[in-house]
*Asks:* 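Take this structure, written in structure tokens, and hold onto it; I'll ask about it next.
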Amino acid sequence: NYPTFGSDPVMALALRSDRAERRQPAAGPRSGRPAKRQRSGVVHEAAVPITATVAVATALPPPPAPLSGHHAAVVDIGASISPVTPAAPASAAACVSPHRAPLLQERRLSSLTDDQLTDAVAAVLGHIMRDTPVGALPDSSDPLSLFYGTNTQPFSLEFYIKRVAKHSGASPSALVVALALLQRWGGLALCELNIHRAVTTAVMLAAKWLDDVVYSNGHYASVGGVPSQGEMNALEVVMLTGIQWNVAVGKEEFEEWEREVVRVASLLDQPPMPSGLKRRRV
């Protein structure tokens, strides 16, 4: 019934003898001869009752052999044992295994600023465009031709995504869902001529599926630079047909894209290497 320190019976018996001594009256020992008491391999001179001395002497095992290495610190226990009050952990990571500590420090989408989020989304889309082989432009009779412009835009993709994210009112999660929808739509090869209308349409569909407050198609047409609401409606129908009207994104798929956006944002936050730094030969 007494607490033990790990699997060390010597510590438990020493504490038990201390409690037995404290329960004894304050009178002196029955015998004038000082008794010897053994605790954890260390012999101490003490005047204790004869009954307690006999009980401890018969119950304790022989002193343990000296240890070496990192186990040697458990031998030198000291003359007394005082209660220890555990300190509060500095962080939640101190309460878990070191192997799981990085999971608590994993960044999430909510930890990114608006600029970090839009820059990361633009970088992910740029990577998708680089990996997509450029094919021939669709014919004017092809519904996909609605997404293509005649010339490349004079502004960057980062600027365009910042504009859409700011003026559309779409949530950060809707931007992540838009990435999943664009990747799911294999019929449109993303390039510099169609990426802007494709992004606007994907963000609009993602916001309609995910967000509580959504602007009209006419508002998205003004934000994305589409001439009219009717053309925005046509873009919406073409993309819905391409993804088979499936705008739902599951939890695992969303978390996969979220981790990718956060990873890219972390890479973009790293300071660039100085241009004058020479690579050392190995």
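Side chains included, hydrogens not; waters and symmetry mates left out as well; all remaining heavy atoms used.
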*Asks:* Which atom pair, heavy atoms only, marks the closest approach of Asn194 to Ala189?
*Replies:*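 Nearest pair, atom of Asn194 first, then Ala189: ND2-O, 2.9 Å.
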*Asks:* Is the backbone of Asp139 close enough, under 3.5 Å, to the side chain of Asp142 for a donor and an acceptor to pair up by distance?
*Replies:* no
*Asks:* So if you build clusters from Ile, Leu, Val, Met, Phe, Trp, Tyr with side-chain heavy-atom gaps below 4.5 Å, do Phe147 and Leu137 land together?
*Replies:* yes
*Asks:* Could you check whether any side-chain N or O of Glu158 sits under 3.5 Å from a backbone N or O of Ala122, counting only pairs where one atom can act as donor and the other as acceptor?
*Replies:* no
*Asks:* Please test Leu181 against Met239 for side chain to side chain contact (heavy atoms under 4.5 Å, CB included), starting from the C-alpha separation and ending with a verdict.
*Replies:* CA-CA 9 Å; Leu181 297 181; Met239 187 170 184; 4.1 Å; yes
*Asks:* How long is the gap from CG on Leu190 to CD on Glu192, to the nearest 0.5 Å?
*Replies:* 11.5 Å
*Asks:* Show the nearest heavy-atom pair for residues Leu144 and Gly187, with the distance to one decimal.
*Replies:* CD1-O, 3.4 Å
*Asks:* If you count heavy atoms of other groups shown closer than 6.0 angstrom to OH of Tyr215, is the number above 12?
*Replies:*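 For Tyr215, atom OH is not crowded (no more than 12 foreign heavy atoms under 6.0 Å).
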*Asks:* Would you say that more than 12 heavy atoms from the other residues, nucleotides or ligands in this model lie under 6.0 Å from the CD of Glu231, or not?
*Replies:*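 Correct, the count exceeds 12.
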*Asks:* Can you establish whether the number of heavy atoms outside Asp114 located under 6.0 Å from its atom CG is more than 12?
*Replies:* no
*Asks:* Within the distance-only criterion (no hydrogens, no angle test), does the side chain of Ser145 pair as donor or acceptor with the backbone N or O of Ser141 below 3.5 angstrom?
*Replies:*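 Not a single qualifying donor-acceptor pair exists.
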*Asks:* Under 3.5 Å, is there a donor-acceptor pair linking the side chains of Tyr220 and Thr201?
*Replies:*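 Their side chains do not contain a donor-acceptor pair, so the 3.5 Å distance test is not met.
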*Asks:* For the hydrophobic clusters of this structure (ILVMFWY residues joined by side-chain heavy atoms under 4.5 Å, transitively), does one cluster hold both Leu125 and Phe155?
*Replies:* yes
*Asks:* Check the angle between the aromatic planes of His196 and Tyr160 and answer parallel, tilted or perpendicular using the 30° and 60° thresholds.
*Replies:*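 Judged by the thresholds at 30° and 60°, the geometry between His196 and Tyr160 is perpendicular.
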*Asks:* Taking atom NZ of Lys208 and atom OG of Ser216, what is their separation to the nearest 0.5 Å?
*Replies:* 8.5 Å
*Asks:* To the closest 0.5 Å, what do you measure between CH2 (Trp185) and CG (Asn246)?
*Replies:* 14.5 Å
*Asks:* How close do Ala174 and Ala206 get, counting heavy atoms only, and between which atoms?
*Replies:* O-CB, 3.2 Å
*Asks:* Applying ring-ring contact (aromatic ring centres under 6.0 Å, His included), can you list everything that pairs with His127, at least two apart in sequence or on another chain?
*Replies:*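 Counting only residues at least two positions away or on another chain, His127 forms no ring-ring contact (aromatic ring centres under 6.0 Å, His included).
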*Asks:* Would you mind reporting whether Val247 and Leu210 have side-chain heavy atoms less than 4.5 Å apart?
*Replies:* no
*Asks:* Does some side-chain heavy atom of Leu182 sit less than 4.5 Å from a side-chain heavy atom of Ile128?
*Replies:* no
*Asks:* To the nearest 0.5 Å, what is the distance between OH on Tyr148 and CG on Leu193?
*Replies:* 7.5 Å
*Asks:* Of the non-hydrogen atoms in His167 and His219, which two are nearest, and what is the gap between them?
*Replies:* O-NE2, 2.7 Å
*Asks:* Shortest non-hydrogen contact from Leu157 to Gly126?
*Replies:* CD2-N, 4.4 Å
*Asks:* Would you compute the distance between atom CG of Leu112 and atom CG of Leu117 and round it to the nearest 0.5 angstrom?
*Replies:* 6.0 Å
*Asks:* Nearest 0.5 angstrom please: Ile195 CD1 to Leu188 CG, how far?
*Replies:*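 That separation rounds to 8.0 Å.
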*Asks:* Check for a donor-acceptor pair, side chain of Arg163 on one end and backbone N or O of Val223 on the other, with a separation under 3.5 Å.
*Replies:* yes
*Asks:* May I have the step-by-step check of side chain to side chain contact (heavy atoms under 4.5 Å, CB included) for Leu205 and Glu236, ending in yes or no?
*Replies:* CA-CA 8 Å; Leu205 291 178; Glu236 180 181 24; 3.6 Å; yes
*Asks:* For Thr118 and Val164, run side chain to side chain contact (heavy atoms under 4.5 Å, CB included): C-alpha distance rounded to whole Å, both residues' side-chain angles, the deciding distance at 0.1 Å, then the answer.
*Replies:* CA-CA 10 Å; Thr118 53; Val164 172; over 6 Å; no
*Asks:* With no hydrogens and no angle check, is any side-chain donor or acceptor of Thr200 less than 3.5 Å from a backbone partner on Arg197?
*Replies:*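 Looks like no, no N/O pair under 3.5 Å.
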*Asks:* For the residue pair Met204 and Leu235, establish whether any side-chain heavy-atom pair is separated by less than 4.5 Å.
*Replies:* no
*Asks:* Answer whether the closest heavy-atom distance between the side chains of Glu260 and Leu179 falls below 4.5 Å.
*Replies:*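 Side-chain contact under 4.5 Å: no.
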*Asks:* Would you say Val237 and Val226 are hydrophobically clustered, going by side-chain heavy atoms of ILVMFWY under 4.5 Å?
*Replies:*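 Different clusters: Val237 never reaches Val226 through Ile, Leu, Val, Met, Phe, Trp or Tyr contacts under 4.5 Å.
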*Asks:* Thr113 and Asp115: side-chain donor and acceptor closer than 3.5 Å?
*Replies:*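 There is no such pair between these side chains.
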*Asks:* Output, in order, the C-alpha distance, side-chain angles, deciding distance and verdict of side chain to side chain contact (heavy atoms under 4.5 Å, CB included) for Val249 and Val176.
*Replies:* CA-CA 10 Å; Val249 176; Val176 176; over 6 Å; no
*Asks:* State, to 0.1 Å, how close Val262 and Leu109 come at their nearest heavy-atom pair, and which atoms those are.
*Replies:* CG2-N, 4.0 Å
*Asks:* For the side chain of Asp211 and the backbone of Ser171, is there at least one donor-acceptor N/O pair under 3.5 Å apart?
*Replies:*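 Yes, Asp211 side chain to Ser171 backbone: donor-acceptor pair under 3.5 Å.
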